[in-house]
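These notes are about the structure you will find just below.
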Amino acid sequence: MALVGLADSNSFFASCEKVFRPDLKNSPIVVLSNNDGCIVALTQEVKDLGIQRGEPYFKVEKLLKKSGCAVFSSNYTLYQDISRRIFEILGIFVEDIDLYSIDEAFFSFPEYLNENEVSSYINKLHNTLYRRTGMKVSIGIGRTKTLAKIANHIAKKNNGAFYLSKEKEEKIIKNLPIKEVWGIGYRNAYKLESFKIHTAGALIEKDDKWIRKNFSITGLRTVYELRGIPCINEDDYRIRSFASGISFQKPVTSFEELLESLACHCSVVASKLVSKNIKAGTVGVQINSNRFRDNYYSSFYYIKLTQSSCYGPTFIKACRSCLEHIYKNNVEYKSSRVFVYDFSFSQDRQLSLFDTPNYSSLLKKRDNMALCVKEIETSEGKNVIHPAITYSKRKHDLSSRKYLSPCYTTRWKDIAKVY
DNA sequence: TCTGGGGTCCTAGGACCC
DNA sequence: TCTGGGGTCCTAGGACCC
């Protein structure tokens, strides 16, 4: 059985911002969500001020300014590129990389190596990643994904790499607080504590039937993983749906403006579908008013397309129909979102009984158009071609990003200068 | 004034069938 | 008074993750 490894960057977004700003090496840093709304990444210095991830920025703005904290809007272009570089290097060292999120990846590791060999190999990996990207990436190794996650947690506190061997498991799990276990959120932690279970050690002692009854199959899987039996498979990460959405800077009330924002999201999802070489069979639209206000309104509607598609204008048309079902007058809308699911591979197309040859050739033309748009976006940049309906609004114009850093690694004019 | 965005999985319960 | 038993499929909502 192979060992499982987990590579995970520390305060990923905040660390990316530090790479090109050595002057901020020891400064507190926060990175804000879209629209500069919430804190989504923060360094230890900021955590020490008692601030948590998810905190609305306006509530702590004064405190942060007083402590000399550097503030950034999310620069996904930069983070995505640094992430790509990290995983590229990881691929030189290990096999079967399974990307879990922008800053995390599981991988497999040969078990025939002895403990010292594993430890020195992962230390070397950690150091190479730091030297070549400027990012501190913690490496944890264990018998299962859940154990690798625990090992990674320990690595973060030590020197960046940790191998949780079978021999060490018992001692470490015994006193591990239940809420630090991956897969146990605050609600289940609270529930477990009401049963007087406070540590992972106490949890793995419990009877399988009891766990299944109180915490469902998901809870039982976590317990098996803690016992060293792998239960979380790579298949679990197959994409089933994705979405594009954003909060507006100012409330939106008109049907046309909402549709315009949805059209921007359609372009984003269409482009993502083309790059993955898949088509979506269902399109959904969600619109929301401000959830912190009275009379909160949120509605969702979806349409199954007659033919799976990756063509933006087809999605826009579907969004218009969805919106007609859920749009209400006199509501101040705060956000909109487009979902796509029911994926199929691009080459399989099931024609319906009443399709005419003309219709299939139209569908072919649309496929080609979608590919063509993607090619233009790749060579000329994302904002050079877009549906006419979105002419006055681009996705990023809809939200505020006051503290955006340069795209150091992906745009020539933003490249770092050395004086 | 201001409160993110993007995912996954599971379960209960309703609708429907024989 | 009292209303079967065994399925499937779908959806909303909850819980979790980053």
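Each chain gets a letter, A, B and so on, in the order the sequences are listed, and its residues count up from 1.
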Please report the distance, rounded to the nearest Å, between [atom1] in [X] and [atom2] in [N].
{"X": "A:E55", "N": "B:dG4", "atom1": "CD", "atom2": "P", "answer": "12 Å"}
{"X": "A:R293", "N": "B:dC2", "atom1": "CZ", "atom2": "C1'", "answer": "9 Å"}
{"X": "A:Y76", "N": "B:dG6", "atom1": "OH", "atom2": "P", "answer": "8 Å"}
{"X": "A:R401", "N": "B:dG4", "atom1": "CZ", "atom2": "P", "answer": "16 Å"}

Contact under 4.0 Å: A:N35 side-chain N or O vs B:dC2 OP1/OP2: no

Report, as a single string ordered 5' to 3', how protein heavy atoms within less than 4.0 Å touch nucleotides 7-13 of chain C: B base, S sugar-phosphate only, - not at all. ----S--

With centres under 5.5 Å and planes under 30° as the test, does A:F292 stack with B:dT3? yes

Under 4.0 Å, counting only non-hydrogen atoms across every strand here, what does [X] touch: a base, just sugar-phosphate, or nothing?
{"X": "A:I102", "value": "nothing"}
{"X": "A:D103", "value": "sugar-phosphate"}
{"X": "A:K402", "value": "nothing"}

Can we say A:D207 and A:K209 salt-bridge, meaning some charged N sits less than 4.0 Å from an Asp/Glu carboxylate O? no

Between A:R227 and A:D208, does any side-chain N to carboxylate O distance fall below 4.0 Å? yes

Partners meeting ring-ring contact (aromatic ring centres under 6.0 Å, His included) with A:Y121 (sequence neighbours left out): A:F93, A:F109

C:dG4 and B:dC16, which share atom name C1', separated by this distance in whole Å: 16 Å

According to salt bridge (charged side-chain N to carboxylate O under 4.0 Å, His left out), does anything in residues 295-310 of chain A pair up with another residue at least two apart or in another chain? List the pairs. A:K304-A:D342

For DNA chain B, the expected dot-bracket line (Watson-Crick or G-U under 3.5 Å, [ ] crossing, | inter-strand) is ....||||||||||||||

Test log, rule ring pair (Phe, Tyr, Trp, His ring centres under 6.0 Å), inputs A:Y341 and A:F242: CA-CA 7 Å; A:Y341 25 76; A:F242 57 79; 9.9 Å; no

Applying side chain to side chain contact (heavy atoms under 4.5 Å, CB included), name anything that partners A:K317, two or more places apart in sequence or on another chain. none

Identify, with sequence neighbours excluded, every residue that meets salt bridge (charged side-chain N to carboxylate O under 4.0 Å, His left out) alongside A:K66. none

Please test A:Y327 against A:Y301 for ring pair (Phe, Tyr, Trp, His ring centres under 6.0 Å), starting from the C-alpha separation and ending with a verdict. CA-CA 10 Å; A:Y327 174 77; A:Y301 197 84; over 10 Å; no

